[in-house]
Amino acid sequence: MILILESDVDESAGDYAQLLTFLDGMRPDIQHRMHVEQGTEKRLTEVYLIGDTSVLNADSMRTLPCVERVVRVSENYRVLGRHKNDRRPTHFDYQGLRFGQDTLHVFAGLCAVDNRQHVEIMMRALAAAGQPCTRMGAYKPRTNPYSFQGHGKECLPFVFELAGKHGIRVVAMEVTHENHVDEIDEALEASGRPTGVILQIGTRNTQNFELLKRVGHQTRYPVLFKRGFGITLDESLNAAEYLASAGNRHVIFCLRGMKTNLGDPHRNFVDFSHVPAVKALTRMPVCIDPSHSVGSRRVGPDGILDTMHVTAQGIIAGANMVLADFHPAPAKALVDGPQALRLHELEHFLEDIQIAREAFLARQALAKRQSSEA
Ligand code: PEP
Ligand code: MN
């Protein structure tokens, strides 16, 4: 059960103290956890009651001081899930941008930072295309221990400096160890916070629960959480909930394809048909990663790259974010060069996304019209 308190509740007021006294005095098998979220306009406080809450009467809980609404949660994903009569937000704001189930952002960029020059060329191209977001990997989880592991904290100062110079407001960057969160935070602080970071959890760490608890424990940076490539959707959504249960609900869920030979000839079996499913099960915006799903630059007989085809498929199904590998000189890329799009393809990619987005909005309007006539 979730008690949603009046917004901007006064924590020094007598009725708030009364509510806390009531919660502290509840049955020992029902625990409570406060979740406070500072939005741009309002501060929202939710109280999660954990345990056998079926014995509680929702009507009488609603009469408790400071309580505005009561949501009964019987399903999984308490914080991130979408429950019956649930009007909690399906978006959050970061760096002046809205990330929601109704918005769309493109994060084109380098799979891995290799050198300053490539970072600068990439960011300049994004700025010219009016793009405020990018992806830049500093810490790379590699299958082979002898492969390039990323420049780590050494590259952070120039990545953040160049992001600031080119007006990039958000950089999606994977972390594979809890120390990386501190390294990113320190580098941003040292450079005067010229940009923001969304911390990425890669598919190899989807169920690294200790990492999730640590990343979820901080609320300064939102999280881009990748679906596990060999587990069920339910298992991945439960893993995402670890972030929220530790305190951070600013989570974007990313579909990146599933590992199975059934997906051949693609690197992974593209799972973008799950975009609307994840939006229906949870309040998270949904991202698609066409680069790691397809894993190559195959071109269909229609002249369209498979990467662009699956991107359009995800967008037309309502995706809210696209993570895509680009590289100014793919032959020289240290990671995933063969799947990277070229810079001269950026404009084409963005225009193709726009076509699919407009088609999605038209489909949504059609569905609305049909249901109002029914
Ligand atoms: C990546 O986005 O660079 C990456 C390694 O992705 P994934 O975790 O989905 O393999
Ligand atoms: Mn990659």
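Numbering of ligands and ligand atoms starts at 1, following listing order. Bear in mind the structure is a predicted one, so any value in this text is a computation, not a measurement. Both backbone and side-chain heavy atoms feed into the values below; hydrogens, waters and symmetry mates do not.
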Do the charged groups of R214 and E210 touch, with an N to O distance under 4.0 Å?
no
Note: D10-R43 ion pair, threshold 4.0 Å (strictly below)
no
From the N, O or S atoms in D336, identify the one nearest to the Mn ion (ligand 2).
OD2
Atom 8 (O) of ligand 1 sits nearest the protein heavy atom T203 N, 2.8 Å
Show which atoms of ligand 1 fall inside a sub-4.0 Å distance from at least one heavy-atom site of K140.
1 (C), 3 (O)
Looking at D336 and K140, is there a salt bridge between them, counting it only when a charged N and a carboxylate O are closer than 4.0 Å?
no
Is any side-chain N of the basic residue among R297 and E345 closer than 4.0 Å to the acidic one's carboxylate O?
yes
Starting from atom 7 (P) of ligand 1, what is the nearest protein heavy atom, named by residue and atom, and what distance separates them?
K226 NZ, 3.4 Å
Kindly say whether the aromatic ring centers of F99 and H105 come within a distance under 6.0 Å.
yes
Pull out every atom of ligand 1 sitting under 4.0 Å from any heavy atom of Q200, numbered as shown with elements.
1 (C), 2 (O)
Distance to 0.1 Å, residue and atom name: give those for the protein heavy atom nearest to atom 9 (O) of ligand 1.
R256 NE, 2.6 Å
Does any N or O atom in E174 lie less than 3.5 angstrom from one in ligand 1, N or O only?
no
